[in-house]
Protein chains: 2
Amino acid sequence: MVRIKDIAKEAGVSPTTVSNVIHGNTKKVSKANIDKIQRILEKNQYIPSMSALMLAENRSRLIGVLIGEREGKRRSIASDPFTSVILNSLELEIYRQNYYMLFHLANSQEESWKLAATWKVEGLITLGLSSEENLELSEKCQIPLVSIDNYYGEKKVANIGLQDFEGGYAMGKFLAEQGHKNILFLADNDVGVDHERWLGVQKAVEEHGAEGAAAGRRIMPENRELRKAWLEDSLEDLKSRDVLFFASDFYALEAIHFLQDKGVDIPGDVSVAGFDDSPYAEICRPEITTVRQNIMKKGQEAVKRLICLIQEEEFKGQERLPVEVVVRDSVKQKPL
Amino acid sequence: MVRIKDIAKEAGVSPTTVSNVIHGNTKKVSKANIDKIQRILEKNQYIPSMSALMLAENRSRLIGVLIGEREGKRRSIASDPFTSVILNSLELEIYRQNYYMLFHLANSQEESWKLAATWKVEGLITLGLSSEENLELSEKCQIPLVSIDNYYGEKKVANIGLQDFEGGYAMGKFLAEQGHKNILFLADNDVGVDHERWLGVQKAVEEHGAEGAAAGRRIMPENRELRKAWLEDSLEDLKSRDVLFFASDFYALEAIHFLQDKGVDIPGDVSVAGFDDSPYAEICRPEITTVRQNIMKKGQEAVKRLICLIQEEEFKGQERLPVEVVVRDSVKQKPL
DNA sequence: ATGAAAGCGCTAACAA
DNA sequence: TTGTTAGCGCTTTCAT
């Protein structure tokens, strides 16, 4: 590996001068030397050593991307097709901003902190951590942190998410306008994101629902096996609804198959809607009517937000990305 | 950030002694000092600085994970649900082995090399690079490299893959034994992995096929739109087969929906088989009969292989992971 | 059993 | 315009 010292020797100048040329501080370097040094740099394929840079500048150009793994959660990296897309967009933007991505599956706050400290990571992006975990981590690490898809009452941690309320509202409005009265919203929890979506649905039904329209809600188990049992138990309830609006396409898909196996026609007997517009939504029959989010954009904004935090600049982007209803085949129009 | 120097001062010893205690070189340190230093280390939550370590030891404990992005490829990180699983298993094992994972979407060999050099990455794991790209990269970087799912005639680069031939053979045998005679194998290329699978199918049909059984093959376009058109054009051909064996579950799923939309009953009119046992295989109707691979294991073995290369030890694991036929509903038994 | 000192590659303050 | 030097935090060799 060729070092600045080597270049300097070959050029017959001091390391400082070479360093200056590398960093474009060419005001105090003679034209002749600039050219000569640049040529030698090129020729020898000089690559700066991050270790030395880190030590000297006390910064790493590293951004840590942490994914929390919780057993049985929907947002498990293994089962969620979103994860790879998010990771993709994250790395793309991180690299574009001249940073590097250190990736880790976070098992504990302690571990995450150690990683960040060991590498002097300049900022953290987290996925799949709970609000409390994010807060604790942020306080412990004392470096900028941006979470994705997390909600806080008091908003202590920077977050990039969706216009979930608006998404719930838009779909609720669409369903109401399609003539559905008995709407059931299904999620696996009632905090943050899913809570917002539910509020949106309620508001939409209030404002746009026909005479007698009402929105109900059910919380399903997170665990797959338990959820399966839950669906069995809830069959009659589900069949009695006009439309089932699931908080994710994955759940919608699961339910569609469950119901179809029970002889229920979708959307003939019951309509189904999802949320996310994941690959699952299009790769099933009927194709799922859902709420689309732009995941690439989400990752991009998260990185931009973080960089602003790191450089102590103001973030002018969107913290809540817009969503839109995508009409496919799983919701049918009710005759009036 | 507390440094060794600080610990030393507090303990009233030299940095060297502290360093020795940290690394367990306690042969020449008094019991009293060991305890005292260890306590102070604990109390102050000492974390070694990677930058200093890298500089002093000339190694980084970093493993670069490179994903090649090629437009329109099946193995695009964005669309392939496998990617997140592989990434998951990779990081798990890398961390378990006391390394760290630097993640990058590789746009060019030049870029990959720069990344590796800048960070003094100790080894590289690549996904979705062609044989040539892997070879060139490996030569340019001069560090251990393990590719995933790549085949080479002369085997110049370490690779972790599947027993693809055996997989094709096992499914071919299964199909033949189910009474299918007119078997069509479909892939989007005829090199490496898919070529092996095809060879396996042929062998199986030869050995286990009934009188008059034969296996044919078609190469589909990689591009989604083109493939759609191709399916349209091939409809009659596809309908005339006993069974369609696709080189991936994704393709199988796509074709199932295409055929169902055309009124073809799966598996009533035509049976369909896939390969991978991806999430797609189970989340569709009929559920797809496929060849299962253990992706978590694949990532794990890739890391183990790389670590062996780095430490110049012999690798005693499996370079070709076993596969098994998973029988579901998309293949029916033919009456004799 | 313990410590001093050099060196890893680079930056930046200061001299010349 | 160019060069000298100290220092970033750690390891390691060599004295003591």
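Order of the sequence lines fixes the chain letters, A, B, ..., with proteins taken first and strands second; residue numbering starts at 1 for each chain. Keep in mind that what you see is a predicted model, and the values were worked out from it rather than measured.
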D149(A) versus L162(A), closest heavy-atom pair with distance:
OD1-N, 4.5 Å
Could you check Q293(B) against K298(B) for side-chain hydrogen bond (donor to acceptor under 3.5 Å, both in side chains), going step by step and ending with a plain yes or no?
CA-CA 8 Å; Q293(B) 59 162 310; K298(B) 210 165 171 179; 2.7 Å; yes
For residues 45-55 of chain A, which residue pairs qualify under side chain to side chain donor-acceptor pair (under 3.5 Å), counting only residues two or more places apart or in two chains?
S49(A)-S51(A)
Report yes if some heavy atom in the side chain of N44(A) is under 4.5 Å from a heavy atom in the side chain of D6(A); otherwise report no.
no
Quick one: list whatever passes side chain to side chain contact (heavy atoms under 4.5 Å, CB included) with N25(A), sequence neighbours left out.
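Applying side chain to side chain contact (heavy atoms under 4.5 Å, CB included) to N25(A) gives N20(A), H23(A).
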Output all residues satisfying side chain to side chain contact (heavy atoms under 4.5 Å, CB included) with E93(A), sequence neighbours left out; order by chain, then residue number.
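Per chain and number, E93(A) pairs via side chain to side chain contact (heavy atoms under 4.5 Å, CB included) with R96(A), Q97(A), Q300(A), V303(A), K304(A).
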Taken in chain and number order and not counting sequence neighbours, the residues that satisfy salt bridge (charged side-chain N to carboxylate O under 4.0 Å, His left out) with K114(B) are none
List the residues meeting salt bridge (charged side-chain N to carboxylate O under 4.0 Å, His left out) with K316(A), not counting sequence neighbours, and say none if there are none.
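Expected list: none.
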Stretch residues 29-42 of chain B: residues that reach within less than 4.0 Å of DNA chain C through a heavy atom:
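Contacts with DNA chain C under 4.0 Å: V29(B), S30(B), N33(B).
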Residues two or more places apart in sequence or in another chain: which of them pass side-chain hydrogen bond (donor to acceptor under 3.5 Å, both in side chains) with [X]?
X: E132(B); result: S130(B)
X: E319(A); result: R305(A)
X: R61(A); result: none

Measure the angle between the two terminal helix axes of the helix from dA1(C)-dT16(D) to dA16(C)-dT1(D), five base pairs each, and quote it to 10°.
50°
Summarise how protein sits on nucleotides 5-16 of chain D as a single string, 5' to 3': B when a protein heavy atom is under 4.0 Å from the base, S for sugar-phosphate-only contact, - for no contact.
---BBBSBB---
Quick check for you: to the nearest 0.5 Å, what is the distance between L41(A) atom CG and I34(A) atom CD1?
12.0 Å
Would you grab the first and last nucleotide of DNA chain C (5' to 3') that comes under 4.0 Å of any non-hydrogen atom in chain B?
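First-to-last contact on DNA chain C, by the 4.0 Å heavy-atom rule, is dA1(C) to dG9(C).
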